[in-house]
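See structure below.
Just so we're on the same page: letters track the sequence lines, and every chain starts at 1.
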Amino acid sequence: MATLKRLALAASMLALSGMGAFADTIKIGINQPLTGSVAASGTFITDGAKLAAQAVNEKGGVLGGKQIELVIEDNKSNPSEAAAAAEKLISRDEVVAMMGAWGSTFTLAVMPKLEEYGVPMVVETASSSKVTSAGNPWVFRIAPTSEMEAKAFGRLVPKFEVKKADFLVVNNDWGRGAADEFGKMLKAQGVSVGLVETMDPAAQDVSAQLAKIKASDADTLFVTTGFEQLSLVFKQAKALGIDRRTITTGGSQFPDRLAEQLGGAADNSYHILFFAPWFPEAAANPDVAGQYIDMWNKSGFDKSGLSDGFRGFDAVTTIAAAIDKAGSADPKAIRDALWAVDVKGVNGNIKFDKVGVEGSESGQSSPNVYVIEIKDGKLALPQI
Amino acid sequence: MDQLLQHLLNALILGSTYALLGIGLTFIFGIMRVVNFAHGELYTFGAYMVYLFSVLLGVNFLLSIVIAIVLGIMLGALLEWVLLSRLRGADIDTTMLVMIGAWIIMQNAEQLIWSGVAKSIPMPFPEEPLSVGGVSVAWSRVFVFAVAILLIVGSQTLIQRTRLGKAMRATFQDRDTASLMGININMIYLATFALGSGLAAAAGALLGPIFIVMPTMGNLAVVKAFAIVILGGLGNMKGAALGGFVLALVEELGAGYISSGYRDAMGFLLIILVLMVKPTGLFARTERIG
């Protein structure tokens with residue numbers, strides 16, 4: 001009898017200590033591509049998220065002393081895996097909020113799960129307009145839409161004197177969305193749009209598309225895809241003797257790595273980014289940007305990841321601010337609090353406006369956009 | 001006109017690598033009838049070995065390719081010895097399931113060792129492409145083309161003109177009779193699988209530096225390899241080589257003149273057509289091995 005009592009006591013103590021550990025940390029789910037065709041970017045964004053969690057925890061955590069804990073899942077650069085990862089994060093790990101899921105296609109695959117379980121997600125990268133126009137009130141995007149990106153770049157179009165542009169985009173919601181929005185913007189400025197070529201997200205050989213582009217009389221080529229495929233596009237364009245001004249969009253291009261790996265093959269290219277770590281003084285919040293760059297370098301992460309890692313940093317900073325504002329770790333309360341956050345992020349100030357379907361609006365912030373040029377194998381702010 | 005010539009040139013170069021993938025699988029699937037889903041992992045293995053030796057250890061680039069091929073042959077022999085030799089006489093489904101298991105284990109091991117982030121391998125060739133008239137091609141691709149043709153001709157010679165090739169053909173035509181004639185069939189199984197694996201590793205070692213190296217790179221490669229083998233006719237070495245060129249041509253012209261979004265679909269559409277019209281494959285004469 002005595003043994004049984006002691007056992008019961010031990011068991012209840014174990015249960016209590018388990019609960020204690022659970023109550024002290026607040027779990028945030030990270031749904032990113034850590035393997036597959038866009039793994040480089042997803043890995044850096046996850047690194048940035050870790051730094052933000054570290055920064056928040058060093059300052060005493062959230063809700064008066066609770067630490068935040070990131071639960072990281074790999075969505076394998078695949079939409080069905082992204083949905084499965086979200087399901088796991090919500091039902092098994094019981095995260096109170098999520099960040100994800102890199103690409104527009106992955107994010108769109110995750111979104112029904114948010115509504116089903118009632119968990120908010122801060123969208124850090126996806127740029128397709130569909131993400132915030134679907135009437136999903138659990139989505140809060142801190143990345144610019146392709147339309148915002150196109151509009152911001154539109155100011156530079158007259159200076160570039162573009163007459164005719166071709167597009168080469170990855171064949172998914174992101175790529176096709178970018179081709180649509182940039183195409184609309186260019187046409188509105190009287191620029192004619194020529195070819196719109198697509199490539200499979202996993203394709204390694206794009207010579208066929210490039211051979212077609214080579215024969216076109218356009219003066220500018222817009223390319224939208226992740227870093228991995230982008231480096232192949234530049235290499236193969238060079239091999240086909242294509243020497244044309246190239247403008248890349250999306251913010252996940254790692255121009256410093258392109259310049260280093262490709263040398264002259266990346267010259268005469270411009271890259272639309274959302275953070276330019278080489279010129280922190282040009283950032284909207286230089287102090288926050290400086291702190292982020294310091295933490296990144298101290299952690300020994302790859303320097304070329306800075307231009308993309310900030311997305312994870314800003315997203316987790318935003319979620320932490322919302323948890324504090326909500327005053328509880330209830331997903332619905334966090335969702336409501338996200339409408340009220342005003343965070344100083346690396347990209348700029350993060351505040352959500354209501355967009356999309358009336359009555360079930362999604363959140364969208366207004367991020368800053370930067371353009372970087374690769375010239376003689378080096379990065380520069382374009383002199384235009 | 002220049003555009004068409006450029007497409008044809010691209011197809012020729014891409015076709016040589018497809019042909020290389022196809023003949024590797026011809027040894028294993030076409031001749032041995034092992035539905036080898038792990039074939040793509042040998043391809044990935046070859047690419048990572050070049051990365052390991054040429055980038056991390058600083059070995060000469062050409063030597064790294066040779067080392068990668070030799071290690072691919074050894075890994076193939078190991079797979080045959082550990083897994084397949086126990087499955088002699090097992091039905092095709094059992095073998096297929098075991099190879100799917102091997103595929104998953106190998107791909108995850110690659111992710112564990114190399115991480116999911118893609119690697120790039122610099123090549124010691126001039127950056128300026130070779131341009132003739134309006135068409136251009138990278139020197140690196142000329143190199144790949146030359147080596148691929150060399151390996152294709154070598155394999156064809158091996159299977160048609162050597163004693164080993166003759167023993168292979170005999171073994172897979174009738175194992176019992178070959179055994180009665182004094183052929184060591186266990187050795188033949190081992191050698192055939194190892195050679196096919198070596199060719200997959202060679203394809204990876206040649207293409208890895210042209211493209212980028214990542215753990216999932218073998219997935220599309222293995223599907224295309226199966227398509228090429230079926231297109232060319234099971235077990236037909238010349239057919240597989242020609243099948244590779246046909247597939248590249250269809251993809252290239254399809255992407256260039258019809259729709260780039262359906263580039264990979266074009267190839268598979270062709271295969272469906274071939275299977276409907278000539279189920280034994282484009283270049284098969286009669287059901288005969290070798």
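For the side chain to side chain contact (heavy atoms under 4.5 Å, CB included) test with M199(A), the passing option among V206(A), L210(A), L232(A) is V206(A); the others fail.
Of all the listed residues (S120(B), A118(B), S131(B)), the one sharing the greatest number of non-hydrogen pairs under 4.5 Å with chain A is S120(B). Contact tally against chain B (heavy-atom pairs below 4.5 Å) for G42(A), A211(A), P33(A): the top residue is A211(A). Among Q236(A), K214(A), K235(A), the residue with the largest count of heavy-atom pairs under 4.5 Å with chain B is K214(A). Ranked by heavy-atom pairs shorter than 4.5 Å toward chain A, the options R263(B), M217(B), Q6(B), E128(B) are led by R263(B). The choice from S207(A), S41(A), A265(A) that makes the most heavy-atom pairs within less than 4.5 Å of chain B is S207(A).
Between F234(A) and H271(A), the ring planes are tilted. Angles from 30° to 60° get that label. Classified by interplanar angle (parallel below 30°, tilted 30° to 60°, perpendicular above 60°), the ring pair W296(A)/F301(A) is perpendicular.
Heavy-atom distances place the side chain of Q111(B), and not its backbone, under 4.5 Å from chain A. Contacts of A215(A) with chain B are made by side-chain atoms alone, with heavy-atom separations under 4.5 Å and no backbone atom involved. Of the atoms belonging to I242(A), not a single heavy atom falls under 4.5 Å from chain B. For D205(A), the parts sitting under 4.5 Å from any heavy atom of chain B are the backbone and the side chain alike. Heavy-atom distances place both the backbone and the side chain of K238(A) under 4.5 Å from chain B. Contacts between D264(B) and chain A at a heavy-atom distance below 4.5 Å involve the side chain alone, from C-beta outward. Both the backbone and the side chain of E197(A) come within contact range of chain B, each with at least one heavy atom under 4.5 Å from a heavy atom of that chain. Residue I210(B) touches chain A through its backbone alone, counting heavy-atom pairs closer than 4.5 Å. In this structure, no portion of S77(A) lies under 4.5 Å from any heavy atom of chain B. Residue T43(A) touches chain B through its side chain alone, counting heavy-atom pairs closer than 4.5 Å. Both the backbone and the side chain of S260(B) come within contact range of chain A, each with at least one heavy atom under 4.5 Å from a heavy atom of that chain.
F143(B) has its ring centre less than 6.0 Å from the ring centre of F125(B). Between Y257(B) and H7(B), the ring centre distance stays below 6.0 Å. A centroid separation of 6.0 Å or more is found between the aromatic rings of F53(B) and F61(B). Within the 6.0 Å centre-distance limit, the rings of F226(B) and F29(B) are counted as a close aromatic pair.
Judged by distance alone, the side chain of Q229(A) and the main-chain N or O of A203(A) form a donor-acceptor pair under 3.5 Å. Between the side chain of D376(A) and the backbone N or O of K378(A), no donor-acceptor pair lies under 3.5 Å.
Note: L195(A) CG to D217(A) CG = 9.0 Å, rounded to the nearest 0.5 Å.
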